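What you see is a predicted model, and the numbers here were worked out from it, not measured in a lab. Below, each value reflects all heavy atoms present in this structure, side chains not excepted, and no hydrogens, waters or symmetry copies. Quick note on labels: first sequence line is chain A, next is B, and so on, each numbered from 1.
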Amino acid sequence: MPSTSTTANSLTVILPDGSRKQYERPVTPYDVAAEIGPGLAKAAVLAEVDGQPVDLGSPLPRQGDVRLRLLTKKDPESLAVMRHSCAHVMAQAVMRLFDGVQLAFGPTTATGFYYDFALSHPLSEDDFPRIEAEMQQIIQANERFERIEMPRGEAIQLCAELGQDFKVEHLQTGLGEEQSVSFYRQGEFIDLCRGRHIPSTGHLGTAFKLLSVAGAYWKGDSSREQLQRLYATAYFDKKELDAHISQLEEARRRDHRVLGKQLELFTINQTVGSGLILWLPKGAIIRQTLEDYLRGELRRRGYQAVFTPNIGRVELYQISGHFPYYSDSQFAPIDLGDGERYLLKPMNCPHHIMIYKSKPRSYRDLPVRLAEFGTVYRYEQSGELSGLTRVRGFTQDDAHIFCTEEQVADEFRGCLEMTQTVLAALGMNDYRVRLGFRDTQSDKYVGGKEVWDRAESALQAVCESLNLPKMSIEPGEAAFYGPKADFVVTDCIGREWQLGTVQLDYNLPSTERFALEYIGPDNQPHRPVMIHRAPLGSMERFVGVLIEHFAGAFPLWLAPEQVRVLTVSEKSEGYGREVEQRLAAADLRVAGDYRGAKLGAKVRDAQVELIPYMFVVGEKDREAGTVTVRDRIEGDLGAMPFDAAIAKLRAEIDAKTVRQVAERSAVAVADCENQHEY
RNA sequence: GCCAGCGUAGCUUCAAUUGGCAGAGCACCGCAUUCGUAAUGCGGGGGUUGUCGGUUCAACUCCGACCGCUGGCUCCA
């Protein structure tokens, strides 16, 4: 940086356009903005000094050079800061309206913010209008956000005086290392807070909304107090808020639990049991079509199909280490009374391992790839169950690969490629890959350090060579038995879903577990490495996500009913039935609507049921041997010879074409749970 | 499992004037209509208001327990 004519007692401010300003007196970023122009002074909400976010009102250094950026609501960094300020205003409103409010944490999220409180009044949506009105008053009062720094000891005393026990605890434990901490005050409200904040509540405007209330544990610990969490969001622009709200409505409209009922895809029956899916005929078609497609991919890639039972002796899981360590997420064992106990299988790998062990293996046999659509049962907590995405019985598109250490990279690559192929076939082209590596500080992992180092660098090299989109490495996210790659798919309305997974395993093959071996070229026994992989994860969850992704309008190759024959009047029923039969003979999934209703009504019903194609037949068609094709998306395509119509559909099915009317959105609703560990 | 909210016909479409005879729409069934691209008309059946108990002359409505669902939290080999 070129030196300036700075004297010992002056400050040089360098603006992004390179212009410089010099000050002999103490100034804040706001002062600089005001000097540039009153418009900027009004619009600025935040500053960045030498790359660090700073409040507009905080003093700049007295001397030296600083690079200053003044941020307005147009700068993306401003949004989170504004939302955090809005969280403070919400907390202030809650404290005004209710007595004995204890403040916990109030951070921003990807799409808004929340604040956790302890208070005796149970908050409900009925309270939202009052809280919002009170927030509006605070905003209108245009209270300044004032930053107050003080030593930690004084801060503890202040919070104790304010009766804020959570803050005292946090200062003593979470911030125990800090010398000095900061508070922010607006009006009568003061809160321990790192910041930053916008200059005053007046900058908040009206584009905010309380969304929901929920329970949440203090510090996320289920043994601690349960708090009340208010979720809300805020934008600088009312239009953006409205867009966000219609986004939430769109998500509700696509809810697979509602669509699954309407489209008769699946049902859950209380007498059968919570979290246990009954696939209805139409849903079964989707699942079966997906499975058939995957079976073809598996054959092409050298997998061998196997079948294993739904239960196994407890001893099997004692060897694998899953029992009793994970007993609270398993159904209780079936006890035969003579000391023999069986477990509903919570994962397929021990069974597949026993197939590997059924005969001696040579290095020439490897890799051995065993695949099964294996149904597993896990006792998820009742509050966790949800539609198809969180269930107690589910079928994994599972496979286990047994290979040599040298083959790991190629096999891993094959798994990733298969997952990419499958996702692409389903039009799910927006996903990121999360590499879960070990936390080097932790000792919960099995296998030596050098094995892990080798595995992790091999995985990373493979992933990099495949040019995987948006790859991220997350230390501490590995399974205890090996590193993994998870596919996190973004659906067409911007929500993330953890689906496919590929995991390396050094644990189960080991001496302490199943002691797997193969005979190497040196005629000595060696230990194979295992890979667990499931491109879709589970059929239940994947179909659930597909329903929402397509909003129930499946591409032709997956649609339960591909074509509906509609007769113009009952006079054409004979020809209609003939057309229907010929479609069935051509291996299309078809139904006929021969009711006495008007054509418009039949068209509407088929549209509502999201049938991809309608073949309208009337007397003109009968005479000409044609069908009049209506495309669900494009509408009436006119009459065409029957064979041409079939060829059109056949081509679309064979190409697995995905045609969708869906608008993309940048808003993300995070969902990062993972049910597909092994 | 925890916190909060909600349970009325097959329907996540909903009503019942705050304790006074459970009622519509869609779907379903029947009859009429024979129609060319998003709802033809008329008629009909369908309910122990989630379950059990309590208060009351009287409960969908108020109270309690349980069951289920929803939103979150915790968990997720």
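- A:L637 and A:K648 make their closest contact through CD1-CE, 3.7 Å (heavy atoms, listed as atom of the first residue, atom of the second, distance).
- At a cut-off of 3.5 Å, with distance as the only test, a side-chain donor of A:R229 or A:Y231 sits close to an acceptor on the other residue.
- Between the CZ atom of A:R252 and the C1' atom of B:rC6 there is a distance of 15 Å, rounded to whole Å.
- For the OP1/OP2 pair of B:rC73 and a distance below 4.0 Å, the side-chain nitrogens and oxygens of A:Y231 include at least one atom meeting the criterion.
- A donor N or O paired with an acceptor N or O is not found under 3.5 Å between the base of B:rG72 and the side-chain atoms of A:Y114.
- In this model, the phosphate group of B:rC2 is not approached by any side-chain N or O of A:S222 to a distance below 4.0 Å at OP1 or OP2.
- Using a 3.5 Å distance cut-off with no hydrogens or angles, the side chains of A:Q318 and A:R313 do not pair a donor with an acceptor.
- The same atom, P, is picked in B:rU40 and in B:rC21; the two are 36 Å apart, to the nearest Å.
- A residue-by-residue look at A:R229 and A:L385 shows that A:L385 has its nearest nucleotide of RNA chain B further toward the 5' end.
- Under the 6.0 Å cut-off for aromatic ring centres, A:W497 and A:F542 do not qualify, their centroids lying 6.0 Å or more apart.
- Counting only Watson-Crick or G-U wobble pairs whose defining distances are both under 3.5 Å, the stems of 3 or more consecutive pairs in RNA chain B are B:1-7 with B:67-73, B:28-32 with B:40-44, B:50-54 with B:62-66.
- Heavy atoms from other residues, nucleotides or ligands lying under 6.0 Å from NZ of A:K209 number 12 at most.
- In this entry the distance linking CG of A:L211 with P of B:rG72 reads 11 Å, nearest Å.
- Following rounding to the nearest Å, A:W218 (CH2) and B:rC2 (P) show an atom-to-atom distance of 23 Å.
- Side-chain polar atoms of A:H170 and A:K219 form a donor-acceptor pair below 3.5 angstrom.
- Separating the C1' atom of B:rG20 from that of B:rC60 is a span of 13 Å, rounded to the nearest Å.
- For the pair A:H322 NE2 and B:rC76 C1', the computed distance is 13 Å after rounding to whole Å.
- In this structure, A:Q330 reaches the bases: a heavy-atom distance under 4.0 Å links it to at least one base atom across the strands shown.
- Aromatic pair A:F117/A:Y115: centroids less than 6.0 angstrom apart.
- Closest-nucleotide positions on RNA chain B for A:K261 and A:S274 were compared, and the one nearer the 5' end corresponds to A:K261.
- Between A:E249 atom CD and B:rU12 atom P the separation is 19 Å, expressed in whole Å.
- Closest approach to the A:A214 side chain among B:rC2, B:rG72, B:rU12 is made by B:rG72 (side chain taken as heavy atoms from C-beta onward).
- Between the base of B:rC3 and the side chain of A:Q228 there is no donor-acceptor pair shorter than 3.5 Å.
- In this structure, A:E573 places its CD atom 16 Å from C1' of B:rU33, rounding to the nearest Å.
- Side-chain contact, A:K620 with A:T626: no donor N or O sits under 3.5 Å from an acceptor N or O.
- Heavy-atom contacts from other residues, nucleotides or ligands closer than 6.0 Å to CG of A:D221 number more than 12.
- Atom pair A:F98:CZ and B:rA4:P shows a separation of 15 Å (rounding to whole Å applied).
- Side chains of A:R541 and A:Q498: no donor on one and acceptor on the other come within 3.5 Å.
- One P atom belongs to B:rC76, the other to B:rU61, and the distance between them is 42 Å to the nearest Å.
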Quiz prompt | Heavy-atom protein contacts under 4.0 Å, nucleotides 36-45 of chain B, coded B base, S sugar-phosphate only, - none | solution = BBBBS-----
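- For B:rU40, the base is anti relative to its sugar; the glycosidic angle deviates from 0 by more than 90°.
- B:rA27 and B:rC42 are spaced 14 Å apart, taking the P atom of each and rounding to whole Å.
- In this structure, the nucleotide among B:rU33, B:rG71, B:rC35 sitting nearest to the side chain of A:S212 is B:rG71.
- Side chain to side chain, A:S538 and A:Q396 fail the donor-acceptor criterion of an N or O pair below 3.5 Å.
- A:Q270 comes within contact range of the sugar-phosphate backbone alone, with a heavy-atom separation under 4.0 Å but no base atom that close.
- Legend: residues meeting side-chain hydrogen bond (donor to acceptor under 3.5 Å, both in side chains) with A:S120, ordered by chain and number and at least two apart, are absent.
- Considering only side-chain N and O atoms, A:R257 lies under 4.0 angstrom from the phosphate OP1 or OP2 of B:rU70.
- One C1' atom belongs to B:rU13, the other to B:rA39, and the distance between them is 16 Å to the nearest Å.
- A distance of about 15 Å separates the C1' atoms of B:rU51 and B:rU8, rounded to the whole Å.
- Nucleic acid contact class of A:A216 (heavy atoms, under 4.0 Å, all strands): sugar-phosphate only.
- Taking atom C1' in both B:rG50 and B:rU70, the straight-line distance is 15 Å, to the nearest Å.
- Using C1' as the reference atom, B:rA16 and B:rC75 are 43 Å apart when rounded to the nearest Å.
- For A:F117 and B:rA4, the CZ to P distance is 17 Å, given to the nearest whole Å.
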